[in-house]
Participant: 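Take a look at this one; I'll ask things after.
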Amino acid sequence: MRDQDRDQGVKVSGFQDYKKDISTPVQYLKGVGPRLAKILSKLGIHTIEDLIYYFPRDYEDRRNISQISKLRIPEEKVFVKGTIAHVENQKKPGRLSILKVTLQDISGSIKLIFFNQPFLLKVFYPGVALLVSGKVEFNSYEGAFQLVPRDWEIDEGEPLKIVPVYNLTEGLFAKTLRNIIKTALDQYLSSLKEPLPDEILKENRLIDILEAVKNLHFPQELKIVEEAKRRIIFEDFFVFQVGLGNRKKEIKTLDGIKFNSNADLLSDFPLPFKLTGAQERVLDEILNDMSQDRPMNRLIQGDVGSGKTVVAAMAAFVAIKNGYQVAIMAPTEILAQQHYEKFIKWFGAIPVAARLIALLLVTGTTQSKNKRELIEADVVVGTHALIQEKIKFKKLGLVVVDEQHRFGVLQRAELGNKGRRQNLAPMHPDVLFMTATPIPRSLALTLYGDLDRSIIDEMPPGRQPVKTYYVSNSKRRNSYEFIRTKIKEGRQVFVVCPLVKETEKSDLKAAVEESEYLQEDVFPEFKIGLIHGKMKQTEKDRIMNEFRDNKIQLLVSTTVIEVGIDVPNASIMMIEHSERFGLSQLHQLRGRIGRGVHESFCFLMGNPKSQDARVRIKAMIDSTDGFKIAEVDLRLRGPGDFCGVRQSGLPEFRMADIVRDEKILQVARDSAFKYLASDPHLEKTPQLKKSLVNRYGRFLGY
Ligand code: ADP
Ligand code: MG
């Protein structure tokens, strides 16, 4: 049956010489003029295509008409059909007006209540037949049930059926929108082209695009709506994953460096401990990539402190021994500085080819503004200052990018291109991304689907999970006494104050005042330090160094310490106004402690008033597993808001939701990657390529 329909569709469209262009502005659709077009634009509808893909929020089955006499259940959503018996307009003091319309059918009558719509008086008068959907309410003043309409229209005697319910906006009536969508489908539906290859439709038992779109708007049966939704969601994911897969493949066609990655090369790497099983596995995956003649494009994902940096350092070591340079990019200067120091410790004293490994730090501060530089050091650690055209590498072999979630697919591609342009050597360097953000699977498949992925899912031995408590203000004193005891035992403490963008100044003041208060009134016997984003780099460095050397026992900070800071002796963190932080951020912050042998404690201060804030704090108390916490966070916030994803942006899907539709995502991804193997250049289905470029081109950088 479906195949038959499809054949017909092809025949019909084959007949027309001229296909109607669905990118036509909606204004030129019959029944839509400039005025309505303007209203539609508020819903994001600009073209006929937008209109066709403006899917209903819900459906109303008008084949089930309620009898008015039976409307007796408050809050019940009902659909009724009747005739106006009486209209009464009440003007209340102030500007409120209430229109009460008595509607009757053979069984009885009920009052419809319209607020502030006096213009309806022109349409409503006795004898007019109405179709009304709405919610039943009990009016205790009048001792009677009434109906608050959600939607109504004049009954013109058309047969009753399933009706789509769309999100509306001011000035747009449900019926108007339904009518113009109907017109658009009548005139343009047959111009829609199927982007999904035939075999994909068959294998996944998907209905074709025409049938899906038609049935989403005007279904004969509600059953088929589910089919249609699955089809659209599948397409959203499939086309996108084809794009990611294609990107991934492109990189695999470039010339890369075939490193000698023999394990012997690592024999003189000064590793003070044994790698965990997970680290071993990930290191193997990386070394294997490096030994290929195609560039590596891999993401290491692992919770804070899981030991990603060590693994990256070992990969760097291998590259250096092969005679190549390594660039390491960090998101902030503090982190770059810290990586730099770590790498000096690891291999600052190791000879390679009869000289010591040379290291260089390049940040906005260390870099002179206009100087062209040819970098000769073996290891260059830096911030974004590293990727500037004027910096050239003699022989770049490996790029390590830390805290990768700040980049989208597009930025990643740019990063790769830049790295290549800066390299005087002809081959494409290997690229290794690291992220401490435990991104849930569905999000990872969407945001990092173009990368190979390695997960370090095991902590180094001997780590004790941080004990986390919620502390109300009345117990604040106890926490301070606890902190005093611990500092006397030799430990160090972070106190974190939130930063709210709108009022950065006053937040700064909050951190400053907090540090003064703690120094003068609470802990006069200890040295209290302060660090925040507005400080000069040299000042920050000085404070961080003092903290590392335990010259400062308690460090008050804004969220600048969020990523990567490693002071194992710090074992307590107090987070002020913890309700103001997102869950991922709280987890990242907490990752600064529990890094050494000392039992660690996190105190969440503040006053969580909202339900969400309470869920966040509970999640922190219940778990230290970053992936679990990330799942909760993703559910609370939705994908768009998750862990700064908004900056890098998520692709815009028509219907798909990566959290709700995770299962379809997985199937569509597998399907897309399999399809690419059979049609690597997307030549078999031109419409697929077109759709990919139109819909995700910007995101994927086509
Ligand atoms: P990440 O980069 O994932 O946050 P790091 O590589 O900085 O983690 O490691 C965190 C801390 O744990 C560092 O002090 C590091 O030296 C130590 N570490 C890493 N791997 C191990 C291991 N296998 N055994 C013991 N300690 C380790
Ligand atoms: Mg390689």
Side-chain angles (χ1 to χ4, degrees), residues 263 266 269-286 298-318 326 328-332 334-348 379 381 398-406 432-439 444 453-466 491-492 494 544 547-550 561-571 573 584-600 624-627 629-630 643:
L266 285 165
F269 184 86
L271 192 64
F273 40 71
K274 207 173 145 333
L275 290 185
T276 62
Q279 283 172 315
E280 292 269 10
R281 175 170 44 76
V282 170
L283 180 63
D284 277 352
E285 288 165 351
I286 293 169
R298 182 173 288 278
L299 172 70
I300 314 183
Q301 209 186 335
D303 217 339
V304 272
S306 62
K308 297 178 296 294
T309 313
V310 185
V311 173
M314 294 171 91
F317 197 66
V318 168
V326 178
I328 295 160
M329 246 173 66
T332 66
I334 293 189
L335 267 178
Q337 173 82 31
Q338 194 173 285
H339 278 323
Y340 176 65
E341 281 159 20
K342 266 196 194 170
F343 279 81
I344 285 186
K345 250 194 236 156
W346 275 321
F347 34 72
V379 180
V381 185
L398 173 67
V399 181
V400 178
V401 185
D402 192 10
E403 286 307 324
Q404 201 281 127
H405 70 271
R406 280 147 216 263
L432 189 60
F433 298 97
M434 300 196 285
T435 180
T437 313
I439 309 126
R453 219 154 56 106
S454 293
I455 301 180
I456 303 187
D457 49 4
E458 183 185 347
M459 282 293 187
R463 289 284 162 78
Q464 308 174 33
V466 176
R491 301 288 78 73
Q492 287 168 279
F494 289 109
M544 274 322 293
F547 189 59
R548 189 159 326 144
D549 300 341
N550 201 355
I561 58 152
E562 189 186 340
V563 273
I565 300 300
D566 193 15
V567 180
N569 191 47
S571 67
M573 176 173 286
S584 297
Q585 204 180 12
L586 287 173
H587 177 70
Q588 292 279 330
L589 285 168
R590 185 173 58 180
R592 300 308 106 215
I593 56 172
R595 312 196 118 218
V597 292
H598 311 290
E599 188 176 26
S600 296
T624 52
D625 178 338
F627 283 92
I629 286 177
C643 67

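Predicted model, so just to flag it, every value in this text is computed and none were measured. The chain is numbered in sequence order, starting from 1. Counting convention: from 1, in listed order, for ligands and their atoms alike.
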Participant: Taking atom CD of E280 and atom NZ of K274, what is their separation to the nearest 0.5 Å?
Facilitator: 6.0 Å
Participant: At what distance is the nearest protein heavy atom to atom 5 (P) of ligand 1, and which residue and atom is it?
Facilitator: G307 CA, 3.7 Å
Participant: Rounded to the nearest 0.5 Å, what separates atom CZ in F273 from atom CD in Q279?
Facilitator: 6.5 Å
Participant: Provide, to 0.1 Å, the distance between atom 13 (C) of ligand 1 and the closest protein heavy atom, together with that atom's residue and name.
Facilitator: D566 OD2, 3.9 Å
Participant: Using side-chain hydrogen bond (donor to acceptor under 3.5 Å, both in side chains) as the criterion, point out the one residue from D303, T624, D625 that pairs with H587.
Facilitator: D303
Participant: Taking E341 first and then R548, would you say they form a salt bridge - that is, a charged N and a carboxylate O separated by under 4.0 Å?
Facilitator: yes
Participant: Specify the protein heavy atom at minimum distance from atom 18 (N) of ligand 1: its residue, its atom name, and the distance to 0.1 Å.
Facilitator: F273 CZ, 3.4 Å
Participant: Return a yes/no value for T309: is any of its N or O atoms, backbone included, closer than 3.5 angstrom to an N or O of ligand 1?
Facilitator: yes
Participant: Using a distance-only test with no angle check, is there a side-chain donor-acceptor pair under 3.5 angstrom linking S454 and E285?
Facilitator: yes
Participant: Quick one: look up the protein heavy atom nearest atom 17 (C) of ligand 1 and list residue, atom name and how far away it is.
Facilitator: R463 NH2, 3.7 Å
Participant: Is S306 close enough to touch ligand 1? Criterion: a residue heavy atom under 4.0 Å from a ligand atom.
Facilitator: yes
Participant: So, does D303 sit close enough to ligand 1 that a heavy atom of it is under 4.0 Å from the ligand?
Facilitator: yes
Participant: Can you name the atoms of ligand 1, numbered from 1 with element, that are less than 4.0 Å from a heavy atom of K274?
Facilitator: 22 (C), 23 (N), 24 (N)
Participant: Nearest heavy-atom pair of M314 and L266: which atoms, and what distance?
Facilitator: O-CD2, 3.6 Å
Participant: Can you measure from CD (Q492) to CD1 (I593) and round to the nearest 0.5 angstrom?
Facilitator: 12.5 Å
Participant: Could you walk me through whether D402 and M329 satisfy the side chain to side chain contact (heavy atoms under 4.5 Å, CB included) test, starting with their C-alpha distance in whole Å, then the side-chain angles of each, then the deciding distance to 0.1 Å, before giving a yes or no?
Facilitator: CA-CA 6 Å; D402 192 10; M329 246 173 66; over 6 Å; no
Participant: If you measure from CD1 on I328 to NE2 on H339, what distance do you get to the nearest 0.5 Å?
Facilitator: 7.5 Å
Participant: Identify, for atom 7 (O) of ligand 1, the protein heavy atom at the shortest distance, and state residue, atom and that distance.
Facilitator: K342 NZ, 2.8 Å
Participant: As an exercise, identify every atom of ligand 1 less than 4.0 angstrom from a heavy atom of T276.
Facilitator: 23 (N)
Participant: Which of the numbered atoms in ligand 1 are under 4.0 angstrom from any heavy atom belonging to R595?
Facilitator: 4 (O)
Participant: Side chain, backbone, both or neither: which part of L275 has a heavy atom under 4.0 Å from ligand 1?
Facilitator: backbone
Participant: Could you report the tightest heavy-atom contact between A278 and D457, atom names first, then the distance?
Facilitator: CB-OD1, 3.7 Å
Participant: What residue and atom, counting heavy atoms only, is the protein's closest point to atom 4 (O) of ligand 1, and at what distance?
Facilitator: G305 N, 2.8 Å
Participant: Using a 4.0 Å cut-off to any heavy atom of V310, which atoms of ligand 1 qualify?
Facilitator: 6 (O), 19 (C)
Participant: Closest non-hydrogen protein atom to atom 20 (N) of ligand 1, residue and atom name please, with distance?
Facilitator: Q279 NE2, 3.0 Å
Participant: Would M434 count as a contact residue for ligand 1, given that I'm defining contact as a non-hydrogen atom of the residue lying under 4.0 Å from a ligand atom?
Facilitator: no
